[in-house]
**Student:** 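I'd like to ask you about the structure that follows.
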Amino acid sequence: MMLAVWVSLAASAGAVARYLMDRFVQARHRTGLPFGTFFINLIGTFVLGLVTAAGAGHHMDASLGTVIGVGLCGGFTTWSTFCWETVALFESGAGAGAVLNMAGSLTLGAGAAALGLALGSL
């Protein structure tokens with residue numbers, strides 16, 4: 001039961017961090033592309049890869065891995081917002097931006113996860 005409370009608290013902190021980071025990034029460019037969500041998902045994916053590898057290598061307590069991976073990263077990352085923003089770009093006529101957002105997020109997200117896994121395995 002206590003683990004569920006910690007996961008909930010971490011998810012709440014992740015969601016607040018996501019909101020603040022998105023506002024910070026979005027306020028600093030005028031392209032119309034959703035760079036806030038883009039960077040949030042890259043960072044969260046990297047951290048989740050790192051935590052996953054550290055947990056698998058027994059370098060991290062399983063409960064801490066659950067709090068960070070499920071709670072913090074789950075609250076911080078937002079792949080549903082990524083999908084919604086990509087569809088919104090398509091619907092607004094910014095098809096190239098939508099493709100760029102989709103290809104960049106998926107490709108670099110996979111790379112960030114792989115980098116996190118590699119570093120967490122050390």
Side-chain angles (χ1 to χ4, degrees):
M1 182 64 180
M2 220 30 220
L3 183 58
V5 171
W6 284 111
V7 168
S8 298
L9 290 172
S12 297
V16 170
R18 174 181 59 191
Y19 174 77
L20 294 174
M21 183 170 198
D22 182 60
R23 296 296 90 204
F24 178 82
V25 172
Q26 288 302 111
R28 281 157 179 75
H29 72 90
R30 303 193 192 289
T31 64
L33 293 175
F35 283 116
T37 302
F38 178 81
F39 287 117
I40 287 165
N41 285 337
L42 290 185
I43 292 167
T45 303
F46 169 77
V47 171
L48 188 57
L50 194 66
V51 168
T52 299
H58 305 290
H59 302 299
M60 177 184 287
D61 178 70
S63 296
L64 180 59
T66 301
V67 169
I68 295 172
V70 175
L72 188 63
C73 290
F76 184 67
T77 59
T78 178
W79 290 96
S80 58
T81 300
F82 153 74
C83 292
W84 180 82
E85 289 171 341
T86 300
V87 169
L89 285 170
F90 269 119
E91 290 179 346
S92 70
V99 170
L100 181 65
N101 186 48
M102 190 169 33
S105 293
L106 296 176
T107 303
L108 295 177
L115 180 62
L117 283 168
L119 291 176
S121 298
L122 297 178

**Student:** Honestly curious: do L48 and L42 fall in one hydrophobic cluster under the side-chain, below-4.5 Å linking rule?
**Tutor:**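 In one cluster with L48: L42, no.
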**Student:** Hey, are the side chains of V25 and F38 touching, using non-hydrogen atoms and a 4.5 Å cut-off?
**Tutor:**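 No, their side chains stay 4.5 Å or more apart.
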**Student:** Using atom types as modelled, flag every donor-acceptor pair under 3.5 Å from a side chain in residues 85-100 to any protein atom, sequence neighbours excluded.
**Tutor:**
residue, atom, partner, partner atom, Å
E85, OE1, T37, OG1, 2.9
E85, OE2, T37, OG1, 3.1
T86, OG1, F82, O, 2.8
T86, OG1, N101, ND2, 2.8
S92, OG, A88, O, 3.3
S92, OG, L89, O, 2.9

**Student:** Considering non-hydrogen atoms only, spot the tightest contact between F76 and I40 and give its length.
**Tutor:**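 Reported closest heavy-atom pair: O-CG2, 3.1 Å.
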**Student:** Which heavy-atom pair separates M21 from I43 by the least distance, and what is that distance?
**Tutor:**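 Shortest heavy-atom contact: CE-CD1, 3.2 Å.
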**Student:** Please set out all donor-acceptor pairs under 3.5 angstrom arising from side-chain atoms of residues 55-73, sequence neighbours excluded.
**Tutor:**
residue, atom, partner, partner atom, Å
D61, OD2, S63, N, 3.0
D61, OD2, L64, N, 3.3
T66, OG1, A62, O, 3.0

**Student:** Test question: given the 4.5 Å side-chain rule for I, L, V, M, F, W and Y, name all other residues clustered with L20, or answer none.
**Tutor:**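 Besides L20, the cluster holds V16, Y19.
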**Student:** Do you know the tightest heavy-atom contact between N41 and T45?
**Tutor:**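 Where N41 meets T45 most closely, the heavy atoms are O-OG1, 2.5 Å.
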**Student:** Under the rule for side-chain hydrogen bond (donor to acceptor under 3.5 Å, both in side chains), what residues qualify as partners of T81, not counting sequence neighbours?
**Tutor:**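 In terms of side-chain hydrogen bond (donor to acceptor under 3.5 Å, both in side chains), with neighbours along the sequence ignored, T81 is linked to T78.
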**Student:** Do L108 and L33 land in one hydrophobic cluster if side-chain heavy atoms of ILVMFWY residues count as linked below 4.5 Å?
**Tutor:**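 Yes, because L108 and L33 connect within a single hydrophobic cluster, where side-chain heavy atoms sit under 4.5 Å apart.
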**Student:** Return the set of residues passing side-chain hydrogen bond (donor to acceptor under 3.5 Å, both in side chains) with D22 (not counting sequence neighbours), or none when no residue passes.
**Tutor:**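 Checked D22 against side-chain hydrogen bond (donor to acceptor under 3.5 Å, both in side chains); zero matches.
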**Student:** My understanding is that only residues two or more places apart in sequence, or in another chain, count here; which of them pass side-chain hydrogen bond (donor to acceptor under 3.5 Å, both in side chains) with T31?
**Tutor:**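 Only H29 meet the side-chain hydrogen bond (donor to acceptor under 3.5 Å, both in side chains) criterion with T31.
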**Student:** Among all residues two or more places apart in sequence or in another chain, which pass the ring pair (Phe, Tyr, Trp, His ring centres under 6.0 Å) test with W84?
**Tutor:**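 W84 satisfies ring pair (Phe, Tyr, Trp, His ring centres under 6.0 Å) with no residue once adjacent residues are dropped.
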**Student:** May I have the list of side-chain donor-acceptor pairs in residues 114-122 shorter than 3.5 Å, sequence neighbours left out?
**Tutor:**
residue, atom, partner, partner atom, Å
S121, OG, L117, O, 2.7

